Amino acid sequence: MRRLTREFFARDAVCVARALIGARLVREVGGLRRVGTIVETEAYAGPEDRACHARFGRTAARRDLFGPPGHAYVFLVYGMHLCFNVVCASEGEGHAVLVRGVEPDGPGDARGDGPGRVTRALGIGREAGGVDLVTSTALYLAEQAGSPRVVAVSPRVGVGYAGDHAERAWRFFDPASRSVSRPPAGQIGLGLADPTRPTRRG
DNA sequence: GACCGGATTATG
DNA sequence: ATAATCCGGTCA
(Lines give C-alpha, C1' and ligand atoms only; values in the text may rest on other atoms or scores of the structure.)
Protein backbone atom coordinates (compact mmCIF):
# COMPACT_ATOMS: atom_id res chain seq x y z
CA MET A 1 0.00 0.00 0.00
CA ARG A 2 1.77 3.12 -1.21
CA ARG A 3 1.61 6.16 1.01
CA LEU A 4 0.69 9.60 -0.20
CA THR A 5 3.68 11.91 -0.54
CA ARG A 6 4.42 15.44 0.58
CA GLU A 7 3.95 16.58 -3.01
CA PHE A 8 0.44 15.15 -3.01
CA PHE A 9 -0.57 17.43 -0.17
CA ALA A 10 1.41 20.45 -1.37
CA ARG A 11 -1.43 21.56 -3.64
CA ASP A 12 -4.48 23.76 -3.36
CA ALA A 13 -7.01 22.36 -0.88
CA VAL A 14 -9.66 21.98 -3.57
CA CYS A 15 -7.38 19.74 -5.65
CA VAL A 16 -6.39 17.66 -2.65
CA ALA A 17 -9.99 17.32 -1.46
CA ARG A 18 -10.98 15.97 -4.87
CA ALA A 19 -7.96 13.66 -5.07
CA LEU A 20 -8.49 12.25 -1.59
CA ILE A 21 -11.76 10.52 -2.48
CA GLY A 22 -10.98 6.82 -2.56
CA ALA A 23 -7.73 7.14 -0.61
CA ARG A 24 -7.20 5.03 2.49
CA LEU A 25 -6.93 6.58 5.95
CA VAL A 26 -4.94 4.39 8.32
CA ARG A 27 -4.81 4.64 12.12
CA GLU A 28 -2.42 2.34 13.95
CA VAL A 29 -2.01 2.69 17.69
CA GLY A 30 -1.31 0.17 20.43
CA GLY A 31 -1.05 -2.67 17.94
CA LEU A 32 -4.58 -1.91 16.78
CA ARG A 33 -4.95 -1.06 13.11
CA ARG A 34 -8.02 0.70 11.79
CA VAL A 35 -8.52 1.59 8.14
CA GLY A 36 -11.21 3.46 6.26
CA THR A 37 -11.61 4.47 2.63
CA ILE A 38 -12.36 8.17 2.26
CA VAL A 39 -15.72 8.82 0.60
CA GLU A 40 -16.37 12.45 1.57
CA THR A 41 -14.17 15.54 1.94
CA GLU A 42 -14.38 19.31 2.04
CA ALA A 43 -11.82 21.91 1.02
CA TYR A 44 -11.01 24.93 3.21
CA ALA A 45 -8.88 27.38 1.31
CA GLY A 46 -7.04 29.75 3.61
CA PRO A 47 -7.78 33.20 5.11
CA GLU A 48 -9.71 34.41 2.05
CA ASP A 49 -12.18 31.53 2.48
CA ARG A 50 -14.75 32.91 4.93
CA ALA A 51 -15.58 29.40 6.09
CA CYS A 52 -11.97 28.45 6.88
CA HIS A 53 -10.49 28.68 10.37
CA ALA A 54 -7.53 30.41 8.76
CA ARG A 55 -9.70 33.55 8.65
CA PHE A 56 -8.79 34.10 12.34
CA GLY A 57 -5.17 34.51 11.41
CA ARG A 58 -2.14 32.65 12.64
CA THR A 59 -3.13 32.21 16.30
CA ALA A 60 -1.83 29.59 18.72
CA ALA A 61 -4.92 27.43 18.28
CA ARG A 62 -4.43 27.39 14.48
CA ARG A 63 -0.74 26.60 14.54
CA ASP A 64 -1.17 23.23 12.86
CA LEU A 65 -3.45 24.66 10.19
CA PHE A 66 -0.73 27.09 9.14
CA GLY A 67 1.97 24.45 9.35
CA PRO A 68 3.60 22.46 6.57
CA PRO A 69 1.45 20.40 4.18
CA GLY A 70 0.83 16.76 4.98
CA HIS A 71 0.32 17.39 8.69
CA ALA A 72 -2.88 16.85 10.68
CA TYR A 73 -5.06 19.68 11.94
CA VAL A 74 -7.54 18.42 14.54
CA PHE A 75 -10.11 20.62 16.24
CA LEU A 76 -13.13 20.35 18.52
CA VAL A 77 -16.56 21.46 17.32
CA TYR A 78 -19.66 22.07 19.41
CA GLY A 79 -17.72 21.15 22.51
CA MET A 80 -17.85 17.44 21.81
CA HIS A 81 -16.79 16.27 18.37
CA LEU A 82 -13.33 16.17 16.84
CA CYS A 83 -12.73 16.96 13.18
CA PHE A 84 -9.74 15.59 11.30
CA ASN A 85 -8.12 17.69 8.59
CA VAL A 86 -5.12 17.34 6.32
CA VAL A 87 -3.09 20.52 5.85
CA CYS A 88 -2.49 21.37 2.18
CA ALA A 89 -0.74 23.85 -0.10
CA SER A 90 2.39 25.31 1.49
CA GLU A 91 3.31 26.33 4.99
CA GLY A 92 1.60 29.52 6.09
CA GLU A 93 -1.26 29.32 3.58
CA GLY A 94 -3.78 27.77 5.96
CA HIS A 95 -5.33 25.37 3.48
CA ALA A 96 -6.87 22.13 4.76
CA VAL A 97 -9.15 19.27 3.78
CA LEU A 98 -11.77 17.98 6.21
CA VAL A 99 -12.47 14.23 6.09
CA ARG A 100 -16.23 13.79 6.50
CA GLY A 101 -16.79 10.15 5.62
CA VAL A 102 -14.99 6.81 5.51
CA GLU A 103 -16.32 3.44 4.46
CA PRO A 104 -15.05 -0.09 5.02
CA ASP A 105 -13.17 -1.67 2.15
CA GLY A 106 -12.83 -5.04 3.81
CA PRO A 107 -13.73 -6.91 6.97
CA GLY A 108 -12.66 -5.06 10.08
CA ASP A 109 -12.45 -1.70 8.33
CA ALA A 110 -14.02 1.40 9.82
CA ARG A 111 -17.14 3.30 8.78
CA GLY A 112 -18.06 6.82 9.71
CA ASP A 113 -20.59 9.14 8.07
CA GLY A 114 -19.87 12.62 9.35
CA PRO A 115 -16.62 14.21 10.59
CA GLY A 116 -17.27 13.44 14.25
CA ARG A 117 -18.01 9.82 13.48
CA VAL A 118 -14.88 9.50 11.37
CA THR A 119 -12.59 10.51 14.22
CA ARG A 120 -14.45 8.28 16.64
CA ALA A 121 -14.42 5.28 14.31
CA LEU A 122 -10.68 5.57 13.71
CA GLY A 123 -9.70 6.55 17.22
CA ILE A 124 -8.30 9.92 16.22
CA GLY A 125 -7.91 12.14 19.28
CA ARG A 126 -6.46 15.55 19.94
CA GLU A 127 -3.01 14.03 20.20
CA ALA A 128 -3.20 13.49 16.45
CA GLY A 129 -3.06 17.24 15.91
CA GLY A 130 0.21 18.26 14.29
CA VAL A 131 1.19 14.71 13.35
CA ASP A 132 3.13 14.43 10.09
CA LEU A 133 0.97 12.13 8.00
CA VAL A 134 3.81 11.57 5.52
CA THR A 135 6.21 10.05 8.05
CA SER A 136 4.03 8.86 10.95
CA THR A 137 3.40 5.16 11.44
CA ALA A 138 0.40 5.86 13.67
CA LEU A 139 -1.65 7.94 11.26
CA TYR A 140 -1.22 8.20 7.52
CA LEU A 141 -2.85 8.11 4.10
CA ALA A 142 -2.35 5.64 1.29
CA GLU A 143 -3.32 5.36 -2.33
CA GLN A 144 -6.62 3.86 -3.24
CA ALA A 145 -6.50 0.22 -4.19
CA GLY A 146 -9.65 -0.14 -6.22
CA SER A 147 -10.98 1.30 -9.43
CA PRO A 148 -11.51 5.04 -9.96
CA ARG A 149 -14.68 6.38 -8.40
CA VAL A 150 -17.31 8.77 -9.59
CA VAL A 151 -16.98 11.93 -7.54
CA ALA A 152 -19.88 14.29 -6.94
CA VAL A 153 -19.65 17.85 -5.68
CA SER A 154 -21.90 20.06 -3.59
CA PRO A 155 -21.68 23.11 -1.32
CA ARG A 156 -20.02 22.48 2.03
CA VAL A 157 -22.09 21.46 5.03
CA GLY A 158 -22.73 23.73 8.02
CA VAL A 159 -21.01 26.86 6.76
CA GLY A 160 -24.01 29.07 6.10
CA TYR A 161 -22.29 31.93 7.92
CA ALA A 162 -19.62 32.17 5.23
CA GLY A 163 -21.54 34.42 2.86
CA ASP A 164 -20.81 33.81 -0.81
CA HIS A 165 -18.12 31.31 0.10
CA ALA A 166 -20.86 29.05 1.44
CA GLU A 167 -22.08 28.48 -2.09
CA ARG A 168 -18.82 27.16 -3.44
CA ALA A 169 -19.01 23.50 -4.41
CA TRP A 170 -16.03 22.45 -2.35
CA ARG A 171 -17.51 19.27 -0.93
CA PHE A 172 -16.55 16.08 -2.73
CA PHE A 173 -18.11 12.69 -2.20
CA ASP A 174 -18.80 9.27 -3.66
CA PRO A 175 -22.54 9.35 -4.42
CA ALA A 176 -22.63 5.56 -4.45
CA SER A 177 -21.37 5.23 -0.90
CA ARG A 178 -23.71 4.83 2.02
CA SER A 179 -21.10 6.35 4.32
CA VAL A 180 -21.53 9.96 3.25
CA SER A 181 -22.85 12.34 5.90
CA ARG A 182 -25.69 13.46 3.69
CA PRO A 183 -27.35 11.47 0.94
CA PRO A 184 -26.81 12.86 -2.55
CA ALA A 185 -29.54 15.43 -3.17
CA GLY A 186 -31.43 15.73 -6.42
CA GLN A 187 -29.25 18.13 -8.34
CA ILE A 188 -25.59 17.52 -7.63
CA GLY A 189 -22.76 18.31 -9.94
CA LEU A 190 -20.40 15.56 -10.97
CA GLY A 191 -16.74 16.21 -10.27
CA LEU A 192 -15.85 15.13 -13.77
CA ALA A 193 -15.84 18.79 -14.73
CA ASP A 194 -13.39 21.30 -13.28
CA PRO A 195 -13.82 20.90 -9.51
CA THR A 196 -12.52 24.40 -8.85
CA ARG A 197 -15.53 25.93 -10.55
CA PRO A 198 -18.40 26.85 -8.21
CA THR A 199 -21.80 25.44 -9.07
CA ARG A 200 -25.18 26.94 -8.44
CA ARG A 201 -27.58 25.77 -5.78
CA GLY A 202 -30.59 23.70 -6.68
C1' DG B 1 -12.85 38.60 32.11
C1' DA B 2 -17.80 37.71 30.13
C1' DC B 3 -20.17 36.26 26.21
C1' DC B 4 -21.21 34.00 21.95
C1' DG B 5 -21.49 30.62 18.53
C1' DG B 6 -19.84 26.94 16.13
C1' DA B 7 -16.64 22.59 9.63
C1' DT B 8 -22.00 17.99 14.93
C1' DT B 9 -24.58 14.20 16.69
C1' DA B 10 -28.04 11.62 19.50
C1' DT B 11 -32.52 11.58 20.87
C1' DG B 12 -37.65 12.90 21.08
C1' DA C 1 -36.88 20.09 16.87
C1' DT C 2 -33.51 20.36 20.50
C1' DA C 3 -30.11 19.42 24.04
C1' DA C 4 -25.36 18.37 25.00
C1' DT C 5 -20.83 20.61 25.93
C1' DC C 6 -15.94 23.09 25.27
C1' DC C 7 -13.16 26.67 23.91
C1' DG C 8 -11.28 30.30 21.18
C1' DG C 9 -12.36 34.80 19.14
C1' DT C 10 -14.14 39.18 20.20
C1' DC C 11 -14.97 43.09 22.80
C1' DA C 12 -15.21 45.39 27.26
Side-chain angles (χ1 to χ4, degrees), chain A residues 9 12-21 23 25 36 38-67 69 71-89 93-103 110-131 133 139 141 151-174 177-185 188 191 195-196 198-199 201:
Chain A
F9 301 111
D12 181 88
V14 177
C15 296
V16 176
R18 166 63 182 82
L20 234 30
I21 300 297
L25 178 55
I38 297 175
V39 293
E40 181 181 352
T41 61
E42 278 176 0
Y44 289 86
E48 308 309 311
D49 178 2
R50 302 316 290 163
C52 184
H53 288 172
R55 69 186 185 278
F56 298 123
R58 208 166 178 163
T59 68
R62 316 296 164 199
R63 186 188 59 216
D64 296 334
L65 174 58
F66 282 96
H71 289 239
Y73 166 55
V74 176
F75 67 90
L76 183 71
V77 267
Y78 296 102
M80 56 194 85
H81 304 294
L82 292 174
C83 292
F84 169 76
N85 300 254
V86 183
V87 176
C88 304
E93 288 201 68
H95 279 226
V97 171
L98 170 67
V99 177
R100 295 185 53 93
V102 294
E103 76 175 6
R111 160 158 49 233
D113 54 334
R117 290 174 176 150
V118 167
T119 52
R120 189 158 54 87
L122 290 171
I124 297 173
R126 308 162 97 105
E127 75 284 351
V131 164
L133 304 168
L139 186 62
L141 291 131
V151 177
V153 301
S154 84
R156 293 171 291 183
V157 175
V159 297
Y161 56 84
D164 54 321
H165 287 271
E167 302 169 17
R168 308 245 171 139
W170 284 354
R171 171 174 175 249
F172 301 87
F173 60 100
D174 177 353
S177 174
R178 89 174 201 214
S179 299
V180 294
S181 65
R182 296 191 166 187
I188 52 173
T196 63
T199 63
R201 312 268 287 150

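For clarity, every value in this text was computed on a predicted model and none was experimentally measured.
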Undergrad: Report the nucleotide, chosen from C/dG9, B/dT8, B/dA7, that has the shortest atom-to-atom distance to any side-chain atom of A/His81.
TA: B/dT8
Undergrad: Within this structure, what is the CZ-to-C1' distance between A/Phe56 and C/dG9, rounded to whole angstrom?
TA: 6 Å
Undergrad: Given atom CG of A/Leu82 and atom C1' of B/dG6, what is their separation to the nearest angstrom?
TA: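 Taking CG of A/Leu82 and C1' of B/dG6, I get 14 Å after rounding.
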Undergrad: In whole angstrom, give the distance that lies between atom CD of A/Glu40 and atom C1' of B/dT8.
TA: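 Answer to the nearest Å: 13 Å.
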Undergrad: With sugar-phosphate meaning primed atoms plus P, OP1 and OP2, does A/Tyr78 contact a base, only sugar-phosphate, or nothing at under 4.0 Å between heavy atoms?
TA: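 Base, at least one base atom sits under 4.0 Å.
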Undergrad: Taking the side chain from A/Glu40 and the backbone from A/Ser181, do they hold a donor-acceptor pair closer than 3.5 Å?
TA: yes
Undergrad: With sugar-phosphate meaning primed atoms plus P, OP1 and OP2, does A/Arg50 contact a base, only sugar-phosphate, or nothing at under 4.0 Å between heavy atoms?
TA: nothing
Undergrad: Looking only at side-chain atoms of A/Pro115, point me to the closest of C/dG9, C/dT5, B/dT8.
TA: B/dT8
Undergrad: Any strand counts, and the cut-off is 3.5 Å on both contacts for Watson-Crick or G-U wobble. Which nucleotide pairs with C/dC11?
TA: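 Here C/dC11 is engaged in a pair, and the nucleotide opposite it is B/dG1.
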Undergrad: Between A/Tyr73 and A/Arg62, is there a side-chain donor-acceptor contact under 3.5 Å, judged purely by atom types and distance?
TA: yes
Undergrad: Starting from P on B/dT9, measure out to CG on A/Leu76 and report it in whole angstrom.
TA: 12 Å
Undergrad: Just checking A/Arg58: does its CZ atom have more than 12 heavy atoms from other residues, nucleotides or ligands closer to it than 6.0 angstrom?
TA: yes
Undergrad: Which part of the nucleic acid, if any, lies within contact of A/Ser181, taking any heavy atom under 4.0 Å across all strands shown: a base, the sugar-phosphate backbone alone, or nothing?
TA: nothing
Undergrad: Please give, in whole Å, the distance from C/dC6 C1' to A/Phe75 CZ?
TA: 13 Å
Undergrad: Using a heavy-atom cut-off of under 4.0 Å over every strand shown, decide if A/Ala61 touches base, sugar-phosphate, or nothing.
TA: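 Touches sugar-phosphate only.
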Undergrad: With the side chain of A/Arg117 defined as its heavy atoms from C-beta on, choose the nearest nucleotide among C/dC6, B/dT8, B/dA10.
TA: B/dA10
Undergrad: Could you check which of C/dC6, B/dA10, B/dA7 has an atom nearest any side-chain atom of A/Cys52?
TA: B/dA7
Undergrad: Considering every strand shown, what is the Watson-Crick or G-U wobble mate of C/dA4 when both distances are under 3.5 Å?
TA: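 Partner of C/dA4: B/dT8.
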Undergrad: Any donor-acceptor pair under 3.5 Å linking the side chain of A/Glu42 with the backbone of A/Arg100?
TA: no
Undergrad: Whole Å only: how far is the CZ atom of A/Arg126 from the P atom of C/dG8?
TA: 8 Å
Undergrad: Expressed as a whole number of Å, how far does the P atom of B/dA2 sit from that of C/dT5?
TA: 22 Å
Undergrad: Taking A/Arg156 for its side chain and A/Ala43 for its backbone only, find out whether a donor-acceptor pair lies under 3.5 Å.
TA: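 Yes, because the side chain of A/Arg156 sits within donor-acceptor range (under 3.5 Å) of the backbone of A/Ala43.
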Undergrad: So, does A/Arg168 use its side chain to make a donor-acceptor pair with the main chain of A/His165 at under 3.5 Å?
TA: no
Undergrad: Tell me what A/Arg120 touches on the nucleic acid: a base, only sugar-phosphate, or nothing, going by heavy atoms under 4.0 Å.
TA: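 It contacts sugar-phosphate atoms only.
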Undergrad: A/Tyr73 OH to B/dA7 C1': how many Å, rounded?
TA: 9 Å
Undergrad: Tell me the interatomic distance from A/Tyr161, atom OH, to C/dG9, atom C1', rounded to whole angstroms.
TA: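 Distance, rounded to whole Å: 13 Å.
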Undergrad: Using the rule for Phe, Tyr, His and the six-membered ring of Trp, do A/Tyr44 and B/dA7 stack at under 5.5 Å and under 30°?
TA: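 Ring-base stacking flag set for A/Tyr44 and B/dA7.
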